[in-house]
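A single structure is presented below for examination.
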Number of protein chains: 2
Amino acid sequence: MTVPSASRRDRKKAATRQAIADAALQLFLERGYDQVSIRDIADAADVSTATVFKHFSGKEALVFDQDEDRESQLIAAVRQRPSGQSIPDALRHHILDTWPSIEAHPQAAEFTNLVNSTPVLRAYAERMWTRYTDSLSAVIADEFGVDHDNLACVALARFVLEIPVLARGRQDRRAAVEAIFDILTHGWEPPSKPPAQ
Amino acid sequence: MTVPSASRRDRKKAATRQAIADAALQLFLERGYDQVSIRDIADAADVSTATVFKHFSGKEALVFDQDEDRESQLIAAVRQRPSGQSIPDALRHHILDTWPSIEAHPQAAEFTNLVNSTPVLRAYAERMWTRYTDSLSAVIADEFGVDHDNLACVALARFVLEIPVLARGRQDRRAAVEAIFDILTHGWEPPSKPPAQ
DNA sequence: GTAGAAAAGTGCAACGACTCTACTTAGCGA
DNA sequence: TCGCTAAGTAGAGTCGTTGCACTTTTCTAC
C-alpha cells in the first residue's frame, strides 16, 4: 500500500502506530468500544498511554485509522473531472467509484456493526464527512468563479457529503446513491405509494 | 411560558434546574465554555456537581437549555399542515415562522457567538438538528403511506434539517432558507457568475 | 566513528467530565 | 403522625486527555 518508508525512524514510528491501531481494533471488536480503555490499548500494544495520544488525536480516531485523505480525493474529483462533466456528476462518479473499495475489506461487517452500535462513533463518522464541507464548497465555488461562501455551493457540498451517511445500511447502496443524486439534480418528488400488498 | 407547576416539589425542582442553567450561561458568556468547569457552575448555583448531572445530561446540554420540543413542533408542522400544502412547503413555512423568534431573544448575539466559537458546541448544535432525522422522516413516510425508511423521505428529512445549519450566519437568513428549499424542490443549478466588479 | 541535535517514547502527576454509592433532607399522601 | 419517594449531598473512583521532566533511539554532520 504505502512505500516502505525512508528512514528507520519513520518505519518504527509507523510500526508503533500500526501496533496501536491493531490492538485497538481487536479489543474494540472483542469487547465493544466503551468496554475498552486507553490503558487497555496501550498495554496490549506495549506502549504508554501518552504514546497513544502522540499518534492519534483521540479515542475515536483509533477506530477510523485509514480514512485520511478523502478530503484531497474529493477535491481532486472536482478539479480534475473530464471536461463537459457537471460537478454533481463528477461527485456522483467519485462516490460510486471509491466507496465500495473501502467497504470491501475483510471484517467490514463487524466493523460497520461496531460503528453503528456505538453512538459516539456514529457521531464521529458523520462529522468526518461533513467536516469537509468548507473545502469542498470552496473548490466548487472556485470552479464557477463565485465567492467561496456562495450559498448554492455550500449547500451542494453539504448535501453531497450527507449522501454516504444516508446510503449507509441500504441493501443496494449504489442505487441509493443514484437516487439521492437524482433528488439533488432534479428536485425532490413525493415517493410513489407501493402496490398495496 | 410554562404552567406554575403543580406541587411545591416540582416547583423547587424547576427552580434548581433554572438556577443551574442561569449560572452556567452567565459563566460561559463571561469566561468562555472551556474556561468554566462543572464545579464552577455547581458552586455558583450552590448545588453539588452530582445535582448538575441529575438535571442535565452533560456539559453541552447546559448551553442548549430551552430547545426541547422542536422535535414535536416539527412533526406537528407536517401532520397539521393545511390541506393541499406540500410537505416541503409546510416545513419551509415552519422553519421561517418559528426560527426568528428563537434568535430574537436578548443576548442572542453573544449566545450565537459563544456557540460558533466553541467547536464542541458547534458539533452539538448540528447534532441536535440531525438527531430528529428519524422521527421526521417517519412522519413524512406515514403521510405518503410508504415504509418508514423510504429513501426519498429520509433524504428529505435530513436535508431539511441541515437547512438551519447552512443558513446560520448568513446576513439574510430568510432568503437563504428560501434558496435552499428551492434547490431541494426544483433541483440544484450552477450559481450565476456575478458581474465582475 | 563520534558528538550532539531531534524525535520517539516513558512514567507520573494532574485536571475535568462523569458515575456510583451510601446517606441526609424535604415534600407528599394517608 | 408515619412512612414513601424523590431531590440533593459528599466523596471516592473511572476514564480521557494533557503536561512535564526524563531516557532512549535514530539521524546528521563533522
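Numbered from 1 within each chain, the chains take letters A, B, ... in sequence-line order.
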Going by side-chain contact (heavy atoms from CB on, under 4.5 Å), name the residues that satisfy it together with Asp142(A), two or more places apart in sequence or in a different chain. Arg79(A), His148(A)
On the nucleotide dA7(D), are OP1 or OP2 found under 4.0 Å from the side-chain N or O atoms that Lys54(B) carries?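 Checking Lys54(B) against dA7(D): no side-chain N or O falls below 4.0 Å of OP1 or OP2.
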Give a yes-or-no answer on whether the side chains of Ser48(A) and Thr51(A) include a donor-acceptor pair shorter than 3.5 Å.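 Thr51(A) and Ser48(A) do have a side-chain donor-acceptor pair below 3.5 Å.
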With sequence neighbours excluded, residues passing salt bridge (charged side-chain N to carboxylate O under 4.0 Å, His left out) with Asp43(A):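 None.
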Interface residues of residues 19-39 of chain B with DNA chain D (non-hydrogen, below 4.0 angstrom):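 When residues 19-39 of chain B is checked for heavy atoms under 4.0 Å from DNA chain D, there are no hits whatsoever.
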Please name all residues satisfying side-chain contact (heavy atoms from CB on, under 4.5 Å) with Thr185(A), sequence neighbours left out, ordered by chain then number. Pro88(A)
Restricting to salt bridge (charged side-chain N to carboxylate O under 4.0 Å, His left out), what partner residues turn up for Asp149(B), sequence neighbours left out?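 So Asp149(B) forms no salt bridge (charged side-chain N to carboxylate O under 4.0 Å, His left out) with any residue.
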What pairs of residues pass the ring-ring contact (aromatic ring centres under 6.0 Å, His included) test when at least one of them lies in residues 14-40 of chain A, not counting sequence neighbours? Phe28(A)-Tyr33(A)
Can you list every ring-ring contact (aromatic ring centres under 6.0 Å, His included) pair that touches residues 150-174 of chain A, not counting sequence neighbours?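 Of all non-adjacent pairs touching residues 150-174 of chain A, those that pass ring-ring contact (aromatic ring centres under 6.0 Å, His included) are Phe159(A)-Phe159(B).
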Mark up nucleotides 24-30 of chain D, 5' to 3', with B wherever a protein heavy atom is under 4.0 angstrom from a base atom, S wherever such an atom reaches only the sugar-phosphate, and - elsewhere. --BS---
Range on DNA chain C touched by chain B, heavy atoms, distance below 4.0 Å: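 Listing 5' to 3', DNA chain C meets chain B from dA17(C) to dC28(C).
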Show me the donor-acceptor pairs within less than 3.5 Å that the side chains of residues 122-129 of chain A make with the rest of the protein, sequence neighbours left out.
residue, atom, partner, partner atom, Å
Glu126(A), OE1, Arg158(B), NH2, 3.0

Can you name the side-chain contact (heavy atoms from CB on, under 4.5 Å) partners of Arg9(A), sequence neighbours left out?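 Expected list: Ser7(A).
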Output all residues satisfying side-chain contact (heavy atoms from CB on, under 4.5 Å) with Gln80(A), sequence neighbours left out; order by chain, then residue number. Ala76(A)
